[in-house]
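Structure record follows, encoded as structure tokens.
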Amino acid sequence: MRFDSARADQITSIVLFVLGAAMLAGGFSMDRLEIRQIHPASIPGLVPMILGGAMMLCAGLLLASVSSAEGTKGSGESVSWRDLGVAAGLSVGYAVVLVGWAPFFL
């Protein structure tokens, strides 16, 4: 079975954009700490808002790159199950073996 890489990238970009928008909205709606005389820039939702905006930007760039690549290539590329297995194996190997054992700079 083969996957249509361009279609998968389009769906992924839409899902990541929605997730980023939810993070941005959730961070914006968090309680502020002005009542306790804390600086306004130290709001608890600042990091989720920044990460959500960055995720939305990256999702938009992914969708734009897929759209421009489809116009030049035609039908797009297909990816095999082997590629998916290699990516999943490397990710699990990193999480299980390196995190906690290897020094941070590696």
Side-chain angles (χ1 to χ4, degrees):
M1 180 177 191
R2 308 285 258 171
F3 293 109
D4 182 18
S5 180
R7 183 74 174 151
D9 284 347
Q10 287 174 342
I11 293 169
T12 301
S13 67
I14 293 169
V15 169
L16 290 177
F17 189 86
V18 169
L19 182 62
M23 289 174 61
L24 185 68
F28 185 75
S29 66
M30 282 186 173
D31 293 336
R32 304 295 191 262
L33 301 175
E34 290 100 7
I35 295 171
R36 297 187 179 174
Q37 307 302 326
I38 295 176
H39 192 274
S42 64
I43 59 174
L46 185 62
V47 172
M49 287 180 359
I50 292 171
L51 292 177
M55 187 180 294
M56 290 170 63
L57 175 68
C58 291
L61 292 173
L62 176 63
L63 187 61
S65 70
V66 170
S67 299
S68 66
E70 273 189 346
T72 58
K73 285 189 174 182
S75 66
E77 304 172 4
S78 61
V79 180
S80 67
W81 283 99
R82 183 179 60 89
D83 295 338
L84 178 64
V86 168
L90 288 173
S91 299
V92 169
Y94 170 77
V96 171
V97 176
L98 293 179
V99 173
W101 293 94
F104 179 72
F105 65 87
L106 290 178

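The figures here come from the full heavy-atom set of this structure, side chains too, leaving out hydrogens, waters and symmetry mates. Throughout, numbering of the chain's residues begins at 1 and tracks the sequence.
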For G45 and P48 the tightest heavy-atom approach is O-CD, 3.3 Å
Could you pull out every donor-acceptor pair under 3.5 Å between side chains of residues 13-24 and any protein atom, sequence neighbours left out?
{"unit_1": "S13", "atom_1": "OG", "unit_2": "D9", "atom_2": "O", "d": "3.3"}
{"unit_1": "S13", "atom_1": "OG", "unit_2": "Q10", "atom_2": "O", "d": "2.8"}

Give the cluster check for L46 versus M56: same hydrophobic cluster or not, with ILVMFWY residues linked at side-chain heavy-atom distances below 4.5 Å.
yes
Apart from V86 itself, members of its ILVMFWY cluster (side-chain separation under 4.5 Å) are L90
Excluding L63, membership of its hydrophobic cluster (Ile, Leu, Val, Met, Phe, Trp, Tyr; side-chain heavy atoms within less than 4.5 Å) reads none
